[in-house]
Engineer: 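Once you've had a glance at the structure underneath, I'll fire off some questions.
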Amino acid sequence: MSKPTDILGISCFYHDSAAVLVRDGKLFAAAQEERFSRKKHDPRFPENAIRYCLSEAGIDASALTALVFYDKPILTFDRLLMSYLTVAPRGLRSWLEALPLWLGQKLHVPKVVRKRIGYDGDVMFTEHHEAHAASAFYPSPFSRAAILTVDGVGEWATASYGVGDGKRIELEKELHFPDSVGLLYSAFTYFTGFRVNSGEYKLMGLAPYGEPIYKDLILDELVDVKEDGSVRLNMAYFDFLGGLKMTNRRFGRLFGGPPRKPETEITRREMDIAASIQAVTEEIILKMARHVHRQTGMKHLCMAGGVALNCVANGRLLREGPFEDIWIQPAAGDAGGALGAALSVWHRYLDRDREDPAGRDRQNGSYLGPSFSAESVAAYLQENGYPFHRLDPRTRAWAVAREIADGKIVGYFAGRMEYGPRALGARSILGDPRREDTQTVMNLKIKYRESFRPFAPTVLEDRAAEYFDLDRPSPYMLLVAGVVEHRRLPQPRDGAAGVLQRLKVKRSDIPAVTHLDYSARVQTVSRDVKADYYDVIREFAEQTGCPVVVNTSFNVRGEPIVCSPQDAYRCFMRTEMDTLVMEDCILYKNEQPPWQERDDWREDLILD
Ligand SMILES: [Fe+2]
């Protein structure tokens, strides 16, 4: 057999560093560094993720055909320098804070790679949005499609569009820093007291509570949106050019005062701001998509970049057109850049053809990370004296489903770990969506937080239409759809009640996953992509009539999703989870020895 062509893609030094191995043009292994280092959104050089990819492939770094970095640091450096010169001497502090890392590591990626993993070949670089575009198009189910990338910022680009056709990608236009939809959204994430580059999801989840009363104000004062969806930010209100903050005092005056302090009460103002910026963002995305449609004449659209994780906007884009279908890279943020960079080398640099995908995506359900055999799980449990039972493969799904149907909260660990921010049934915590207390129990006993966001549902793909207004699969939880009309329950319109009280009102027969506006962040599962998970839900449907489970990520607040059996067991014991299923091993909490830790682990976790 001839030696395979192995390409390693790396993204790092901003947020969510990751490594991806593409073997002979196929996604072979991919993982984010945070899962190994246990530091959420870890931006450091992804040494552990690289080692995992190499070990999955059974090679060491010297056997790689190519190694590629997902953006061009020298261009980013140039942008930072120019931004500083624009506002100098203001911004000196943030500039000086950033400088050592740039001079030490970011500008010297080839040296760092050589030193840390012993790779001696050339290091290639793709541009940031080129990597996003490649991650959107190459794994997509379309042979030809329009491509739209939208994020905070790469080197200079903040959005781009073009066309993918076979192995070719042509990007036609770019929008440039500081004009950025991602940074606009992040400015509001900051202003409403959530963490930038991680709390955007919360801001989106808060939107249904508010009214978009600030929409016109945002469009009049902060951002000029052109007919083609391009934007121009009024920099008099933002501080990210030279400062350490996203917004300035003038921005605060527009919204009646300073930013909300993290962890303080969420007021009517934040809800209305969330609704307003969400409405503006949707309008921009729709305009961009219509423009791209007009310019390219394509029927299908692929998307990537952090803004493509806005699943509410995606759901609208799908419902309101103009594209017949869209596909979004599940690792749409910068982790996915590593994937795009590696595929880009295969198709563009090595000039290798892309097989006609014939309507099926090449992302393998995004189950691209480490897996652990039942034997290795059992060996780990035995070595540590943790009591467990082996499940018969023929009744495994039935037994897991029975736990969920009994109202138990079940940690579910099976197969290869997900690549991207969402848990999709390989490292998930499952519960019964019909029970009114599931939401509260999961939040307080597992996640140690109160949350204004409902959990996400996983539904059997072939029965999704019985529950959601969704006429196609959503395997990556990137589309928001409404719960079907006849399952909805009327709600009192009590805008004055607090967010948590309002969420506790039962809204449908699957209350744990139904948001205030009857929407849900749906994951559909098909048997050919994830058989074990599909079978569990099918058995749950057999036992209860309901083909839906609650699926939340297997972690506690502030912690990355678990990766190994050790991580999973620790999370199981730290929380009030009832049952843990790892491959064919099942553990019950009441049989476990007492769990002791020296320090309060909650102190080590960053807030999200
Ligand atoms: Fe990006």
Side-chain angles (χ1 to χ4, degrees), residues 15-16 41 150-152 180-215 218 223 246 259-260 262 266-286 288-289 303-320 326 328 330-333 420-423 443 447 449-457 474 476-483 499-500 502-503 513-523 551-553 557 607-608:
H15 39 91
D16 289 314
H41 303 303
V150 192
D151 71 355
S180 161
V181 189
L183 289 175
L184 175 70
Y185 206 85
S186 291
F188 281 95
T189 306
Y190 162 81
F191 191 77
T192 46
F194 303 114
R195 220 176 116 91
V196 171
N197 288 329
S198 125
E200 280 73 11
Y201 243 73
K202 295 191 174 175
L203 186 60
M204 187 183 73
L206 189 59
Y209 290 91
E211 297 296 330
I213 58 171
Y214 299 114
K215 187 181 165 198
I218 294 171
V223 58
M246 294 296 291
R260 169 184 163 254
I266 293 170
T267 66
R268 185 82 234 165
R269 179 183 79 147
E270 283 78 44
M271 300 176 207
D272 291 338
I273 289 176
S276 306
I277 186 60
Q278 180 63 32
V280 169
T281 305
E282 288 169 21
E283 193 172 307
I284 295 171
I285 299 291
L286 284 169
M288 281 183 169
M303 288 175 76
V307 176
L309 293 170
N310 194 308
C311 42
V312 178
N314 299 343
R316 250 192 94 183
L317 186 55
L318 199 58
R319 283 192 298 278
E320 296 177 31
I326 59 179
I328 300 147
R422 306 275 82 83
N443 271 325
K447 297 277 178 168
R449 61 169 186 205
E450 269 283 33
S451 177
F452 52 81
R453 293 186 307 150
F455 290 104
S474 171
Y476 304 113
M477 217 183 259
L478 284 167
L479 297 174
V480 160
V483 171
V499 285
L500 298 173
R502 285 173 69 192
L503 196 63
V513 295
T514 309
H515 209 334
L516 220 60
D517 56 357
Y518 300 105
S519 68
R521 278 183 298 143
V522 183
Q523 180 199 1
N551 168 10
T552 183
S553 54
R557 183 182 180 185
L607 294 176
D608 53 357

Engineer: Can you check side chain to side chain contact (heavy atoms under 4.5 Å, CB included) on I326 and I328, steps first, answer last?
Structural biologist: CA-CA 7 Å; I326 59 179; I328 300 147; 4.2 Å; yes

Engineer: Do V307 and Y185 come close enough that some side-chain heavy atom pair is under 4.5 Å?
Structural biologist: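 No, too far: nothing below the 4.5 Å cut-off.
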
Engineer: Write down the atom of L317, the atom of A289, and the distance for their closest heavy-atom approach.
Structural biologist: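 That would be CD1-CB, 3.3 Å.
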
Engineer: Could you give the distance from CD1 (I266) to CG (L206), rounded to the nearest 0.5 Å?
Structural biologist: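 Reported value, rounded in 0.5 Å steps: 5.5 Å.
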
Engineer: Evaluate L479 against V522 for side chain to side chain contact (heavy atoms under 4.5 Å, CB included), listing each step before the verdict.
Structural biologist: CA-CA 6 Å; L479 297 174; V522 183; over 6 Å; no

Engineer: Do side-chain atoms of S180 reach the backbone of G152 as a donor and acceptor pair under 3.5 angstrom?
Structural biologist: yes

Engineer: If I take atom CE from residue M303 and atom CE from residue M288, how far apart are they, to the nearest 0.5 angstrom?
Structural biologist: 8.5 Å

Engineer: Indicate the atoms forming the closest heavy-atom contact of P421 with L309, along with that distance.
Structural biologist: CG-CD2, 4.1 Å

Engineer: Can you give me the closest heavy-atom contact between R269 and P259, atom names plus distance?
Structural biologist: NH2-C, 3.9 Å

Engineer: Does some side-chain heavy atom of L286 sit less than 4.5 Å from a side-chain heavy atom of E320?
Structural biologist: yes

Engineer: Under 4.5 Å between any side-chain heavy atoms of N310 and I285, yes or no?
Structural biologist: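 No, side chains not in contact.
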
Engineer: Against the six-membered ring of F194, is R260 placed for a cation-pi contact (under 6.0 Å from the centre, within 45° of the normal)?
Structural biologist: yes

Engineer: Quick one, E270 with F191, criterion side chain to side chain contact (heavy atoms under 4.5 Å, CB included). Give me CA distance, side-chain angles, the key distance, then yes/no.
Structural biologist: CA-CA 9 Å; E270 283 78 44; F191 191 77; 5.9 Å; no

Engineer: Taking only Lys NZ, Arg NE, NH1 and NH2, and the carboxylate oxygens of Asp or Glu, determine whether E200 and R195 approach each other closer than 4.0 Å.
Structural biologist: no

Engineer: May I ask you to test the M477-N551 pair for a side-chain heavy-atom distance under 4.5 Å?
Structural biologist: yes

Engineer: Show the nearest heavy-atom pair for residues L478 and C311, with the distance to one decimal.
Structural biologist: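 Where L478 meets C311 most closely, the heavy atoms are O-CB, 3.1 Å.
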
Engineer: Mind checking whether N443 and F455 have side chains closer than 4.5 Å, heavy atoms only?
Structural biologist: yes

Engineer: Roughly how far apart are T192 OG1 and I273 CD1, rounded to 0.5 Å?
Structural biologist: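 The distance works out to 7.0 Å.
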
Engineer: Output yes when a side-chain donor or acceptor of D272 lies under 3.5 Å from a complementary backbone atom of Y214, and no otherwise.
Structural biologist: no

Engineer: Please step through side chain to side chain contact (heavy atoms under 4.5 Å, CB included) for the pair V223 and I218, ending with a clear verdict.
Structural biologist: CA-CA 6 Å; V223 58; I218 294 171; 3.8 Å; yes

Engineer: Once you round to the nearest 0.5 Å, how far does NE2 of H41 lie from OG of S198?
Structural biologist: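 Atom-to-atom, H41:NE2 and S198:OG are 3.5 Å apart.
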
Engineer: Looking only at heavy atoms, what is the nearest atom pair of T281 and I277, with distance?
Structural biologist: OG1-O, 2.7 Å

Engineer: State, yes or no, whether a side-chain contact exists between Q278 and P208 at a heavy-atom distance under 4.5 Å.
Structural biologist: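 The answer is no, as the side chains (C-beta and beyond) never meet within the 4.5 Å cut-off.
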
Engineer: Can you tell if the side chain of R268 reaches within under 4.5 Å of the side chain of E211, non-hydrogen atoms only?
Structural biologist: yes

Engineer: Would you indicate whether the side-chain heavy atoms of P454 and V513 approach each other to under 4.5 Å?
Structural biologist: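 No, every pair of side-chain atoms sits at 4.5 Å or beyond.
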
Engineer: Compare every heavy atom of P457 with every heavy atom of A520, then report the nearest pair and how far apart it is.
Structural biologist: CB-CG, 4.0 Å

Engineer: Report yes or no: do Q523 and S474 form a side-chain donor-acceptor pair below 3.5 Å?
Structural biologist: no

Engineer: If you measure from CE on M271 to CZ on F452, what distance do you get to the nearest 0.5 Å?
Structural biologist: 9.0 Å

Engineer: Hey, could you give me the NZ/CZ distance between K202 and R453, rounded to the nearest 0.5 Å?
Structural biologist: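 Going from the NZ atom of K202 to the CZ atom of R453 covers 6.5 Å.
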
Engineer: Does R521 make a cation-pi contact with Y476, if we ask for NZ or CZ under 6.0 Å from the ring centre and within 45° of the axis?
Structural biologist: no

